[in-house]
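The next block holds one structure in the form of structure tokens; read it before the comments.
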Protein chains: 2
Amino acid sequence: MDMFRKRCKQLGLACTHQRLIIYRALASSASHPTPEAIYDQVRHEIPSISLATVYKNIKTFTEAGLLREVSVLHDSLRLDANLGNHHHLVCTRCKAVIDIPEEKLDPIRLRGKLPDGFVADRFLVEILGLCAACAKGRTN
Amino acid sequence: MDMFRKRCKQLGLACTHQRLIIYRALASSASHPTPEAIYDQVRHEIPSISLATVYKNIKTFTEAGLLREVSVLHDSLRLDANLGNHHHLVCTRCKAVIDIPEEKLDPIRLRGKLPDGFVADRFLVEILGLCAACAKGRTN
DNA sequence: CTATTGAACGATAATAATTATCCTCCTGTC
DNA sequence: GACAGGAGGATAATTATTATCGTTCAATAG
Ligand SMILES: [Mn+2]
Ligand SMILES: [Mn+2]
Ligand SMILES: [Zn+2]
Ligand SMILES: [Zn+2]
């Protein structure tokens, strides 16, 4: 956890008490928590912390590469009337979603058994990257 | 598009003018639109339509299996401090996210070239299904 | 074709999630 | 220890989504 201090220095971020606790809460969790869940966790140690601080630091950490968002498209509901099996290209910058046929990938196959009693229904594959427009220039 | 009338009858849904136009907007779009985008599109034909109607019918269609949501976890931000390569099991009922090592799947590999000028960065795989608790009983 | 009726619609309020604002305070540096 | 700028806290504002409720319309029976 002293490694966190170093990373902050590298990144030019102040290593505040709040940041340390927030990061520790995240790093010690296996549940992929929401901002609210982190807030609830952190309040055990810093009862006076503001939810806005949690949000701000989540963003800061994510931009710094200390954290990842589990889903790129969580900001707004996106719908698909194409019920056939296919995958998606997702532009991480403009959030464009482009169909690609499933034959464009080697088949997705499990090796061995899943943990717990998890019952799998289907595989969802997103190829993250930049769409043509975003890959080129600034303006999209 | 007359097939839509049939599906509605099968499902016990009234085939309203609004539903027809909303569904047509979705079916004819390749962009995986947001509810707002559908609303804007539909308003060309039904200027008086309510945004709430669009939301309600999106939900109706999704529950009926006429539509799919592109991302299962769009409702709230979920964070991950595990930066190593791994995949996720996602419970579609309680939204639990569980890590699985990438060796649990055959490697994801592209066959041939991607369309457009899309520049891929990484593959994101989610195994959708039910977690142990949700697979068993009602209460979770 | 008309009457009937429950489902669906439109308007809008309410809730939830996230971001912005602004003033105060603390970390990092000298 | 003093200083400056970034960071935190409180809270307002914004955005996304859902709930409420009175009115209207699609489906069906007569
Ligand atoms: Mn699609
Ligand atoms: Mn993970
Ligand atoms: Zn793009
Ligand atoms: Zn579950």
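Below, read A as the first sequence line, B as the second, and so on, with proteins coming before strands; counting in each chain starts at 1. Scope of the values below: all heavy atoms of this structure, side chains included, with no hydrogens, waters or symmetry mates.
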Quiz item: When you measure from the side chain of B:Ala14, which nucleotide among D:dA7, D:dG9, D:dA26 comes out closest?
Solution: D:dA26
Quiz item: Taking CD1 from B:Ile46 and P from D:dC25, how many angstroms apart are they, rounded to a whole number?
Solution: 12 Å
Practice problem: Mark yes or no for whether B:Arg19, through its side chain, and B:Cys8, through its backbone, hold a donor-acceptor pair below 3.5 Å. | Solution: no
Practice problem: Please state how far atom OH in B:Tyr23 lies from atom P in C:dA8, giving the value in whole angstrom units. | Solution: 18 Å
Quiz item: Out of C:dA20, C:dT29, D:dG9, which has the shortest distance to the side chain of A:Ala52?
Solution: C:dA20
Exercise. Give a yes/no answer on whether the side chain of A:Gln18 brings an N or O atom under 4.0 Å of OP1 or OP2 in D:dG9.
Key: yes
Self-check item: Under 3.5 Å donor-acceptor, A:Thr92 side chain and A:Gly129 backbone
Solution: yes
Quiz item: C:dT18, D:dT17, D:dA7: which one has an atom nearest the side-chain heavy atoms of B:Leu77?
Solution: C:dT18
Practice problem: Compare the minimum distances between each of C:dG28, C:dT18, D:dA7 and the side chain of B:Ser76, then state the nucleotide with the smallest one. | Solution: C:dT18
Self-check item: Given D:dT17, D:dG8, C:dA11, the nucleotide with the shortest approach to the side chain of B:Lys56
Solution: C:dA11
Quiz item: Rounded to whole angstroms, how far apart are CG on B:Leu13 and C1' on C:dG6?
Solution: 14 Å
Exercise. Could you tell me how the ring of B:Phe4 sits relative to the ring of B:Phe61: parallel (under 30°), tilted (30 to 60°) or perpendicular (over 60°)?
Key: perpendicular
Quiz prompt | Spacing between A:Tyr39 atom OH and D:dT11 atom P, to the nearest angstrom | solution = 11 Å
Practice problem: Provide, to the nearest angstrom, the distance between the CD atom belonging to B:Glu45 and the P atom belonging to C:dC9. | Solution: 15 Å
Quiz item: Under 4.0 Å: is that the gap between some side-chain N or O of A:Lys9 and OP1 or OP2 of C:dT29?
Solution: yes
Quiz prompt | Residue B:Tyr55, side-chain atoms from C-beta onward, closest of D:dT11, D:dG8, D:dT17 | solution = D:dT17
Quiz prompt | Phosphate OP1/OP2 of C:dT12: any B:Ser50 side-chain N/O under 4.0 Å | solution = no
Quiz item: B:Thr16 has a side chain; which of D:dT17, D:dA26, D:dG8 sits nearest to it?
Solution: D:dA26
Practice problem: Answer yes if the side chains of B:Asp75 and A:His74 hold a donor-acceptor pair under 3.5 Å, and no otherwise. | Solution: no
Quiz item: Distance-only, no hydrogens or angles: does the A:His32 side chain make a donor-acceptor pair with backbone N or O of B:Val97 under 3.5 Å?
Solution: yes
Exercise. Would you kindly compare B:Leu51 and B:Asp75 by the position of their nearest DNA chain C nucleotide and give the one closer to the 5′ end?
Key: B:Leu51
Quiz item: Does the B:Ser29 side chain pair with the main chain of B:Ala25, one donor and one acceptor, at a distance under 3.5 Å?
Solution: no
Quiz prompt | Length of the line joining B:Lys59:NZ and D:dA16:C1', which is rounded to integer Å | solution = 12 Å
Practice problem: Specify the separation, in whole Å, of atom CG of A:Leu79 and atom P of D:dT17. | Solution: 9 Å
Practice problem: Using heavy atoms to find the nearest nucleotide of DNA chain D for A:Ser48 and B:Arg5 separately, return the residue whose nucleotide is more 5′. | Solution: A:Ser48
Quiz item: With nearest nucleotides of DNA chain D determined for B:His74 and A:Asn57 from heavy-atom distances, which residue corresponds to the more 5′ nucleotide?
Solution: A:Asn57
Quiz item: Can you tell me how far C1' of C:dA8 sits from CD1 of B:Ile21, to the nearest Å?
Solution: 16 Å
